[in-house]
There are 2 protein chains.
Amino acid sequence: MTVFTPLDTFSSEPIGPRVYREIRDAIVCLRLKPGQIISEADVARQFGASRQPVHDAFVRLQASGLLHVLPQRGTRVARISPKDVRDAQVIRRAIEAATVARACERRRPESLAALKANVARQEASAGEREPRAFLKLDEEFHRLLAACADLEMAWTIIEDAKSHMDRVRYLSLPQTTPVATLVRQHKAIVAGIAAGDASAALAALTEHFGEIDKSLPALEAEYPELFEHDEARAEPMVVR
Amino acid sequence: MTVFTPLDTFSSEPIGPRVYREIRDAIVCLRLKPGQIISEADVARQFGASRQPVHDAFVRLQASGLLHVLPQRGTRVARISPKDVRDAQVIRRAIEAATVARACERRRPESLAALKANVARQEASAGEREPRAFLKLDEEFHRLLAACADLEMAWTIIEDAKSHMDRVRYLSLPQTTPVATLVRQHKAIVAGIAAGDASAALAALTEHFGEIDKSLPALEAEYPELFEHDEARAEPMVVR
DNA sequence: GGAAAACGACTGACATGTTAGATGGCTAGA
DNA sequence: TCTAGCCATCTAACATGTCAGTCGTTTTCC
């Protein structure tokens with residue numbers, strides 16, 4: 001099974017960042033299964049790189065809570081923790097609410113234009129079969145929101161919180177909320193900001209969240225091995 | 001000049017975490033000056049450790065924005081960025097407001113007891129000459145707040161945001177707000193939570209913040225070399 | 001003198017070697 | 001059958017080696 005896209009030999013970009021991005025993407029998109037055991041040496045071999053850049057990536061991913069490193073024993077992809085997902089949601093909602101409120105105050109024409117252009121591309125992607133295009137645009141949308149509020153630090157944090165939520169999202173891709181609904185909510189947020197109407201934008205934002213809560217219990221029941229349960233610490237799931 | 005407290009040779013704790021903690025503490029407490037150039041090898045020598053654990057620490061500290069690693073050139077302690085400080089404040093306020101609101105709902109007797117005990121110790125430390133004792137208790141207070149809201153993830157993020165604010169705080173220790181005032185505000189927050197009165201707790205929290213804003217310009221004028229100025233501005237977020 | 005090439009002393013990026021600790025399987029002894 | 005001890009084999013932690021890139025200085029050549 002190919003989990004990682006191989007490193008471009010001719011790129012001048014250092015190996016470290018590329019390895020980090022690859023591993024992170026593999027985790028968030030569930031190509032690496034929650035609970036799966038991986039090892040630095042093994043991953044390094046798959047990339048054809050040395051252990052060092054992989055080790056660095058592991059250090060960072062552990063800090064984000066996407067990996068659990070057990071000293072001297074091994075490393076496992078963090079299982080999806082329902083509590084972490086819900087916590088991440090609360091935090092993201094708090095930060096994004098502050099972001100939207102600030103965006104209403106300091107919106108600039110070019111930021112608004114960028115947001116509108118992004119939403120337009122979302123509409124274009126709504127019809128397509130491939131949902132990943134939309135998810136990338138969604139990511140971009142929330143990044144632009146932070147830029148519009150001149151609160152770049154917010155995006156850094158949202159990115160981390162989002163990673164936990166996104167795994168659930170990928171898991172629920174089949175029965176997920178129709179993309180059209182999400183695009184409509186995005187539109188409403190932008191409209192609120194454009195009008196400088198904070199309460200309208202916040203209302204749209206609030207509606208935008210809270211989709212995951214409903215799907216979470218069903219997914220947990222369907223894929224129990226991917227979730228962290230209170231008693232957890234069951235047998236490691238060896239996948240190769 | 002001793003910047004790092006030497007590693008306890010007899011501790012069984014691995015050196016990696018200890019080195020990380022030491023370096024981070026040295027940055028936040030300004031024993032390492034903002035703008036100062038440091039190197040992995042040099043720091044490793046000071047600890048009497050190898051470069052590896054220091055390198056790992058650098059990786060993590062760069063992710064928090066406390067270090068700027070310039071590939072192949074060197075590493076500098078991040079200068080205090082007024083924008084980062086203000087952004088961190090906005091974010092912290094947003095998260096902590098959500099935390100307090102949640103704490104009002106799910107407070108449990110033992111959490112409240114822990115908060116009250118902490119505040120009591122704060123009062124005891126208010127008279128002392130050494131302000132660091134209070135700052136540690138303050139840190140603990142906000143961690144307990146997150147625990148009380150059963151939102152541990154919030155503390156992780158606040159910790160990072162706080163680090164940027166705390167450097168300013170240490171810089172302004174001489175003319176800082178009297179500790180008694182801060183303790184009073186903490187007390188008000190706890191009282192609000194204890195009563196389940198979210199709006200009262202939030203009001204106390206709001207008053208609690210916004211001390212830094214006033215001192216920031218004066219400090220920037222007094223120690224320009226420690227601050228990042230606009231011409232040296234970190235890369236603005238690219239809007240595509 | 002002045003520009004440019006060469007050098008050397010640094011840096012972190014990357015590679016690899018070494019070690020302590022955790023684990024699981026095996027066997028010896030009851 | 002069970003248990004205690006040994007051992008092979010994992011792991012990440014830690015140590016060290018090598019390298020390419022950056023930069024300030026010196027040297028070279030006109």
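None of the values given here were measured: they were computed from a predicted structure. A note on names: the letters A, B, ... follow the listed sequences, proteins ahead of strands, and every chain is numbered from 1.
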Take the protein atom CZ of B:R18 and the nucleotide atom P of D:dA13, then report the distance between them rounded to whole Å.
14 Å
When only distance counts, do a donor and an acceptor, one from the side chain of A:Q72 and one from the base of D:dA12, lie under 3.5 Å apart?
yes
Any salt bridge linking B:K136 with B:E139? Criterion: basic side-chain nitrogen under 4.0 Å from a carboxylate oxygen.
no
Pick base, sugar-phosphate or nothing for B:Q52, based on heavy-atom distances below 4.0 Å to the nucleic acid.
base
Taking 4.0 angstrom as the limit, do B:E140 and B:R121 come out as a salt bridge?
no
What is the distance, rounded to the nearest whole Å, between atom CD1 of A:I15 and atom P of D:dC19?
15 Å
I would like to know whether A:T75 and A:E40 meet side chain to side chain donor-acceptor pair (under 3.5 Å); could you show each step before the answer?
CA-CA 8 Å; A:T75 301; A:E40 294 181 0; 5.5 Å; no
Can you find a side chain N or O atom of B:T75 that sits less than 4.0 Å from OP1 or OP2 on C:dT11?
no
Starting at atom CZ of B:F47, determine the distance to atom C1' of D:dA15, rounded to an integer number of angstrom.
17 Å
If you pin B:R45 and A:A49 to their nearest nucleotides in DNA chain C, which one's is more 5'?
B:R45
Evaluate the salt bridge (Lys or Arg N to Asp or Glu O under 4.0 Å) criterion for residues B:R132 and B:D25: first the C-alpha distance (whole Å), next the side-chain angles of each, then the deciding distance (0.1 Å), finally the verdict.
CA-CA 12 Å; B:R132 291 215 37 175; B:D25 192 67; 3.8 Å; yes
Atom pair distance, as rounded to whole Å: CG in A:D56 and P in C:dC14:
8 Å
Taking only the side-chain heavy atoms of B:P53 (C-beta and beyond), determine which of D:dA13, C:dA15, D:dC14 contains the nearest atom.
D:dC14
Just how far, in rounded Å, is P of C:dC14 from CG of A:L7?
11 Å
Give a yes/no answer on whether the side chain of A:S50 brings an N or O atom under 4.0 Å of OP1 or OP2 in C:dC14.
no
Measure from the ring center of B:H142 to the ring center of B:H186 and say whether it is less than 6.0 Å.
yes
Nearest whole Å is fine: how far is C:dC14 C1' from A:E13 CD?
15 Å
Go nucleotide by nucleotide along DNA chain C from the 5' end; which of A:G16 and A:R73 gets its closest nucleotide reached first?
A:G16
Using atom CZ of A:R51 as one end and atom C1' of D:dA13 as the other, report the distance to the nearest whole Å.
10 Å
Which part of the nucleic acid, if any, lies within reach of A:L67 when heavy atoms closer than 4.0 Å are counted: base, sugar-phosphate only, or nothing?
nothing
For atom NE2 of A:H68 and atom P of D:dA12, their distance in whole Å
15 Å
